[in-house]
Amino acid sequence: MTTLTLAKALNAGLRRALAGDDKVVLMGEDIGTLGGVFRVTDGLKAEFGAHRVVDTPLSEAGILGTAVGLAYRGFRPVVEIQFDGFIYPGFDQIVAQVAKLHYRSRGNVRMPLTIRVPFGGGIGAAEHHSESPEAYFAHTAGLRVVACSDPADAYVMIQQAIAGDDPVLFFEPKRRYHVRGDVDETASLADARPLGVASLVASGSDVTLVTYGALVQTARDAAIAAAEDGVSIEVIDLRSLAPVDYPTVEASVRRTGRLVIAHEAGQQGGVGAELAASITERCFEFLEAAPVRVTGHDIPYPPAKLERHHLPDLDRILDGVDRALGRPNSLSGVEA
Amino acid sequence: MTTLTLAKALNAGLRRALAGDDKVVLMGEDIGTLGGVFRVTDGLKAEFGAHRVVDTPLSEAGILGTAVGLAYRGFRPVVEIQFDGFIYPGFDQIVAQVAKLHYRSRGNVRMPLTIRVPFGGGIGAAEHHSESPEAYFAHTAGLRVVACSDPADAYVMIQQAIAGDDPVLFFEPKRRYHVRGDVDETASLADARPLGVASLVASGSDVTLVTYGALVQTARDAAIAAAEDGVSIEVIDLRSLAPVDYPTVEASVRRTGRLVIAHEAGQQGGVGAELAASITERCFEFLEAAPVRVTGHDIPYPPAKLERHHLPDLDRILDGVDRALGRPNSLSGVEA
Amino acid sequence: MTPSDRDATGLLTRPDQFVQLVTPGGERRHDAEYDPWVADVDSTALGRLYRDMAIVRRLDTEATALQRQGELGLWPPLAGQEAAQIGSARALRDDDFVFTSYREHGVAWCRGVGPAELLTVWRGSAASGWNPYERGMAVPQIIIGAQALHATGYAMGLAWEGSDAASVAYFGDGATSEGDVNEALVFAASFDAPVVFFCQNNQWAISEPVGLQSKQPLARRADGFGMPGIRVDGNDVLAVLAATRVALDRARRGGGPTFIEAVTYRIGPHTTADDPKRYRTDDELVEWGTRDPLTRVLALLAASGVDTDALEGEVADEAGRAAAELRTAVTTIPDPEPMSVFDHVYAEPNSHLARQRDHYARYLAMFDDADQTPASTSAAATQAEGGAR
Amino acid sequence: MTPSDRDATGLLTRPDQFVQLVTPGGERRHDAEYDPWVADVDSTALGRLYRDMAIVRRLDTEATALQRQGELGLWPPLAGQEAAQIGSARALRDDDFVFTSYREHGVAWCRGVGPAELLTVWRGSAASGWNPYERGMAVPQIIIGAQALHATGYAMGLAWEGSDAASVAYFGDGATSEGDVNEALVFAASFDAPVVFFCQNNQWAISEPVGLQSKQPLARRADGFGMPGIRVDGNDVLAVLAATRVALDRARRGGGPTFIEAVTYRIGPHTTADDPKRYRTDDELVEWGTRDPLTRVLALLAASGVDTDALEGEVADEAGRAAAELRTAVTTIPDPEPMSVFDHVYAEPNSHLARQRDHYARYLAMFDDADQTPASTSAAATQAEGGAR
Ligand SMILES: Cc1ncc(C[n+]2csc(CCOP(=O)(O)OP(=O)(O)O)c2C)c(N)n1
Ligand SMILES: Cc1ncc(C[n+]2csc(CCOP(=O)(O)OP(=O)(O)O)c2C)c(N)n1
Ligand SMILES: [Mg+2]
Ligand SMILES: [Mg+2]
């Protein structure tokens with residue numbers, strides 16, 4: 001076991017992927033000499049050379065479109081989008097090409113791209129640097145969408161994403177890049193939890209709290225705070241947003257009868273909407289209350305001084321838990 | 001009253017908007033001399049000139065980005081995206097600019113764009129010509145998203161969209177362009193149903209069926225077919241997908257206790273997910289069954305000869321109704 | 001530059017404004033720079049180029065007819081662009097790789113794409129018709145310009161592998177306005193990618209004349225991006241072959257990308273769904289008729305003593321056989337199985353799609369099973385519609 | 001062209017490769033084409049340009065300090081680019097409209113943007129700091145290149161209205177690789193839009209040298225798109241003024257767009273979050289130090305008899321006062337009201353957002369109301385965290 005930050009764990013995972021398969025190439029803006037604005041690719045260009053860790057011209061469509069061509073040629077490109085809000089100029093290449101080429105070519109052409117996206121807010125940044133665009137991709141057939149939440153998972157998941165033959169949107173919780181955790185750098189991928197499987201991070205019996213990315217830690221904290229108050233929260237880190245590991249979530253909701261979903265992205269059409277709808281379809285008879293969503297507002301990401309009024313935090317998650325439990329004073333008691 | 005096709009009704013609405021406000025400009029590929037590949041803008045360039053009905057270079061980001069600049073200057077651009085699947089190269093301008101500039105400028109800059117998108121399948125077309133991308137925009141704060149379903153609505157709604165000060169994604173059900181209906185060309189916009197209000201197109205008591213665009217007609221047909229079988233379906237044409245007119249949907253679901261949502265877009269994260277989640281939140285105590293979604297599969301839009309196995313049709317909608325009713329032989333009886 | 005240098009569609013097409021080795025009348029023009037690149041093209045070789053062009057023209061006509069007869073959903077005719085496509089594609093090696101748009105049936109012909117493979121996608125029977133790796137040709141691209149980046153990335157990969165193969169991106173004049181094409185030029189130059197950008201300027205992007213996309217000959221775009229641009233008479237198969245060879249040779253030798261503008265003309269409609277009478281004049285068609293890519297080759301062959309009547313006859317027979325094959329092939333394309341709608345969305349198992357697939361299979365099974373009829377309401381509907389499935 | 005013509009970052013910066021009216025040493029170089037455009041710039045006027053540059057340099061230093069002291073979330077310094085920004089912005093009329101990126105504080109200064117207005121967005125207090133219509137300047141754009149299209153559209157509108165005003169798009173060298181910028185060139189040329197594309201080539205896009213974006217001087221991009229390109233010494237305020245006047249004059253007279261590449265250098269980090277030591281050498285900094293935009297103006301003024309010591313002193317005082325004002329202003333920027341997070345998402349009432357707003361207001365009210373404490377679990381949390389709100 002080594003203790004690594006989440007950023008360093010990703011770096012270690014990328015290093016292992018580069019070392020293990022010379023068709024793996026990293027591409028992005030400022031990822032080479034600079035090592036990425038978050039230093040996730042630090043040292044990799046020096047180690048593997050400029051044809052493996054490629055500083056590209058400043059164009060997201062360009063990066064993604066050339067990555068498609070490289071995949072056509074048998075490469076496994078790992079693309080870094082510098083910040084969440086800069087992915088949209090490359091949206092067409094992702095949605096109309098990366099997602100569809102395996103289908104379009106009837107399985108002849110594989111698109112094993114990994115598209116790394118530092119996502120989410122809470123870092124006091126300027127506009128476009130704190131967004132949570134995951135729902136766009138979860139709605140796009142042909143893509144897989146995952147989010148890591150701690151160093152151990154980050155290390156394994158990035159390697160799994162790269163090794164897999166489907167394109168993966170890989171969301172990294174940027175405000176947790178510097179959080180440390182134990183990482184087993186010797187572990188084999190084969191033994192690891194598969195990429196599509198959720199993880200139960202805290203057991204509980206009153207309510208199921210599902211989240212991913214940076215909010216997993218907040219959810220853990222919420223479970224601890226609620227326990228003091230006699231409320232037992234089961235926390236699930238979704239890890240895979242498309243496809244969702246429904247068996248895990250369902251099993252929990254069948255026991256608790258109550259579901260709270262938290263994410264930073266806006267509510268309208270967010271990942272939580274699908275989760276609430278699907279769990280209601282699958283567990284209607286078991287639900288004692290409507291699934292509750294605790295999300296960012298449906299607004300453009302606000303200026304830094306307002307972001308704490310946008311992002312779900314411990315209090316808002318606990319308020320959501322109260323609503324799911326139908327407890328007094330919670331918003332659930334208020335007629336909308 | 002005049003009898004017009006949906007395409008002609010849009011043409012008439014656009015003509016009235018152009019005539020009524022000289023800041024209204026139409027922009028797009030092939031909309032001028034050709035009158036659009038669906039002839040929706042037929043004759044308008046001849047009538048209003050090349051500076052009001054503008055054939056642009058072949059670039060969606062270019063069209064949308066210059067439309068933003070025109071809006072900055074006080075124009076009201078009406079942009080045509082030739083087919084649904086060609087909107088993605090312009091996605092960044094829509095999501096990061098059109099949607100956010102009013103917020104970013106603290107209300108100083110208005111973005112009264114109308115972005116017309118012929119959408120949906122069922123026309124036997126090639127790839128990218130039959131998609132339903134509405135959920136991407138419904139998830140994007142700052143945008144309004146509407147879909148018309150018949151000539152009368154098309155005529156009024158396009159004018160309302162243009163007259164409004166917020167950006168509107170205006171989805172046109174392309175496979176119904178040639179369907180005729182009565183249009184009152186003398187009606188005043190002020191008296192018309194507001195853009196954000198849903199319409200009850202068939203009353204019923206057993207189940208609420210919500211849809212929009214081309215499937216509204218299929219839903220009407222379903223209500224008729226079901227009636228013969230003694231099942232009473234209430235059909236709601238959503239018209240506005242963001243924001244959704246929840247009071248109308250809620251009132252219906254409180255009466256019927258059952259909800260079926262149909263759309264052509266994929267299920268995962270589609271507009272139906274939000275609708276199911278929101279109605280469950282709002283009407284949990286009234287629901288007798290989980291809301292049922294009847295949608296396209298979560299696949300890239302398939303080749304023409306397979307599209308009937310992708311699109312919800314009368315049978316699939318009725319199967320959904322059966323599932324909502326918990327009737328025998330329906331899929332709801334099958335353990336997943 | 002006077003307005004008279006510009007043709008009806010606004011762009012320069014005077015012979016001295018592009019590389020031309022054979023005039024419309026069939027005269028061989030000498031060009032010190034490009035002649036050496038086609039020194040090997042004797043009458044026999046030229047006859048083969050003629051044959052290619054005549055066959056693809058015939059196949060194109062046949063496919064248009066098949067569309068009119070309801071056998072195809074859509075067809076984008078290449079008529080008029082035979083020289084641009086054959087001249088460029090015949091410059092390729094097998095291990096080169098091409099990324100095209102939707103109109104490059106002539107390129108597909110040269111890459112060995114079979115008749116059923118060619119028509120599959122236009123019949124709407126499957127998402128694509130051939131395995132790209134068997135033909136050295138990507139499946140067609142409908143998003144305008146997107147493939148230019150794919151070709152560039154592929155070429156970057158070739159260079160990194162140390163291969164001397166090259167890739168070619170085919171796109172139209174309209175495509176040059178899309179960000180993707182311009183970004184492809186940026187990336188290709190930056191990485192010295194062995195890619196040839198082959199722009200068929202056929203004067204129109206559906207109803208929009210090329211003058212709306214650019215006031216400058218498109219080949220002039222190249223220099224500013226740091227690569228050579230060649231403007232070639234796209235109706236002169238020899239000139240196109242020479243220009244493409246120059247570009248490929250540069251790519252193979254590590255010299256990086258080249259941009260070729262082949263000035264040509266789309267004689268037919270944009271697709272079978274288009275009505276070009278709405279946006280262009282007959283005069284224009286007449287004018288471009290005088291610059292036909294096939295007649296000039298016949299004239300040149302005749303002048304060099306070839307019995308062109310015999311050649312024409314032979315090739316016409318061969319083209320007729322190819323067309324008959326195409327007509328037969330279209331009916332052999334299998335209709336897809338309903339459940340195949342779920343195939344190949346992912347390369348690996350996907351739990352969500354598997355479940356959706358299962359549901360749909362069970363749903364379909366309801367209609368098969370005589371005992372277990374579909375749920376009552378849907379049964380009613382099925383009856384009402386006469387059992388749609 | 002030999003490698004020695006290229007500087008450390010790989011691009012041509014020999015004086016004869018761009019328009020230069022004042023050498024780094026302060027000598028006035030004569031240029032028949034551009035001299036007439038600055039014939040009115042006497043010592044007094046030049047002194048004013050110096051003053052602008054000195055003040056914005058001082059403001060920039062102050063803002064960097066404010067960021068280091070925690071008063072701002074981020075600051076992207078302009079140091080080194082004063083001449084490019086002042087020279088171009090001082091060529092503008094009030095009724096022109098500029099669309100910038102995030103680094104154009106010098107342009108903002110010329111447009112009358114006040115100190116609090118300038119810092120608001122970098123303090124994170126609001127989405128923007130000024131009303132674009134009051135300043136003739138759009139709010140800053142962070143999506144690289146997007147504003148080039150906005151400027152083009154705005155200019156199309158000006159042309160259609162028959163106005164003789166113009167718009168200017170400011171962007172960086174890195175931005176030239178984005179599709180949006182290239183598409184803007186296409187649209188601007190196609191519509192003869194009265195827009196000036198003003199590219200500050202400051203040699204770097206964060207850690208990427210301009211040579212990665214282009215092997216060609218960026219101004220050469222223009223010709224292929226059908227517009228004139230001017231390459232100007234971006235550290236020579238007089239040359240920048242002249243070039244921008246030429247471009248604006250062309251725009252006003254219906255001559256369409258112009259692309260200006262101002263060759264300059266970013267002396268500081270990309271932003272206060274950046275560490276340029278990781279990607280560039282001290283030598284480079286030293287070399288560019290010899291081409292400072294301010295010193296050469298002082299030298300020229302001195303040569304023409306101006307008492308530059310006095311001027312420097314006066315201007316330093318004024319700059320000091322401006323900096324003090326900036327420092328004061330930052331603390332006067334109001335912290336936003338919590339509920340303002342919902343303001344201005346839409347221009348018209350929106351039922352969905354109104355409901356969400358209501359919910360959040362009620363949620364917040366739970367914390368205010370002593371009698372009605374928040375629901376038990378959240379109350380526990382609030383206590384545990386010491387009542388975060
Ligand atoms: C991104 C995108 N936008 C719009 C279209 C619709 N469209 C199909 S072909 C075409 C014109 C293309 O013109 P050009 O590039 O000159 O190629 P040509 O058809 O002449 O071969 C257009 C606008 C599309 N396919 N993709
Ligand atoms: C679309 C997009 N991609 C990436 C970024 C991140 N980013 C911010 S500034 C920058 C470099 C810009 O370089 P340049 O255009 O030369 O402008 P400069 O900062 O040098 O003024 C990058 C990559 C962004 N803001 N927008
Ligand atoms: Mg064309
Ligand atoms: Mg720069």
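So you know, we letter chains A, B, ... as the sequences are listed, proteins then strands, and number each from 1.
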* side-chain contact (heavy atoms from CB on, under 4.5 Å) with B/T66: which of D/Y154, D/F191, D/F187? -> D/F187
* Non-hydrogen atoms of chain B under 4.5 Å away: do they reach the side chain of D/S351, the backbone, both or neither? -> both
* Asked: Checking B/S240 against chain D: side chain, backbone, both or neither under 4.5 Å from a heavy atom?
  -> neither
* Region of B/D92 that comes under 4.5 Å of a non-hydrogen atom in chain D -> side chain
* To do: Counting only heavy atoms closer than 4.5 Å, note whether D/A193 contacts chain B via side chain, backbone, both or neither.
  => neither
* Give, as side chain, backbone, both or neither, the part of B/L143 having an atom under 4.5 angstrom from any heavy atom of chain D. => backbone
* **Proximity breakdown for D/V195 and chain B, heavy-atom pairs closer than 4.5 Å** => neither
* Between B/R52, B/R73, B/R144, which has the largest tally of heavy atom pairs under 4.5 Å with chain D? -> B/R73
* Structure fact -> Those residues of residues 174-181 of chain D that come under 4.5 Å of chain B on a heavy-atom basis, listed by number, are D/D180
* **Atom group of B/V54 that falls short of 4.5 Å from chain D, counting heavy atoms** => side chain
* **Heavy-atom contact with chain D under 4.5 Å, split by part of B/M111** => neither
* To do: Please flag which part of B/A61 lies under 4.5 Å from any non-hydrogen atom of chain D: side chain, backbone, both or neither.
  => both
* Asked: In chain order, what residues pass the side chain to side chain contact (heavy atoms under 4.5 Å, CB included) check against D/P140, with sequence neighbours excluded?
  -> D/W130
* **Interface residues of residues 100-111 of chain D facing chain B - non-hydrogen atoms under 4.5 Å apart** => none
* In Å and rounded to the nearest 0.5 Å, what is the CD to CG distance from D/E161 to B/D22? -> 9.0 Å
* Asked: Given a strict heavy-atom distance threshold of 4.5 Å, which part of B/K23 is in contact with chain D: side chain, backbone, both, or neither?
  -> side chain
* Asked: With distance as the sole test, does D/Y133 use its side chain to make a donor-acceptor pair with the main-chain N or O of B/Y72 at under 3.5 Å?
  -> yes
* Rounded distance (nearest 0.5 Å) linking atom NE2 of D/H344 with atom CG of B/N108 -> 7.5 Å
* Asked: Hey, is the main chain of B/R104 close enough, under 3.5 Å, to the side chain of D/S128 for a donor-acceptor pair?
  -> yes
* CD-CD distance between D/Q141 and B/Q97, expressed to the nearest 0.5 angstrom -> 4.0 Å
* Residue selection (most heavy-atom pairs with chain D, distance under 4.5 Å) from B/D166, B/V244, B/I63 -> B/D166
* Looking only at heavy atoms, which two atoms of D/I143 and B/A96 are closest? And how far apart? -> CG1-CB, 4.1 Å
* **chain B-proximal positions within residues 144-151 of chain D [heavy-atom distance under 4.5 Å]** => D/A146, D/L149, D/H150
* Structure fact -> When the 4.5 angstrom heavy-atom criterion is applied to B/A242 and chain D, the contacting part is neither
* Asked: Based on non-hydrogen pairs under 4.5 Å, which of D/A347, D/P132, D/A127 is most in contact with chain B?
  -> D/A347
* Main-chain N/O of B/G142 paired with D/Y346 side-chain donor or acceptor, under 3.5 Å -> yes
* To do: Determine, step by step, whether D/M156 and B/V25 satisfy the side-chain contact (heavy atoms from CB on, under 4.5 Å) criterion, reporting the C-alpha distance in whole Å, the side-chain angles of both residues, the deciding distance to 0.1 Å, and the verdict.
  => CA-CA 11 Å; D/M156 286 159 59; B/V25 289; over 6 Å; no
* Asked: How long is the gap from CD on D/E183 to CD on B/Q93, to the nearest 0.5 Å?
  -> 8.5 Å
* Asked: Are B/R110 and D/E348 ion-paired here, with the side-chain N under 4.0 Å from a carboxylate O?
  -> no
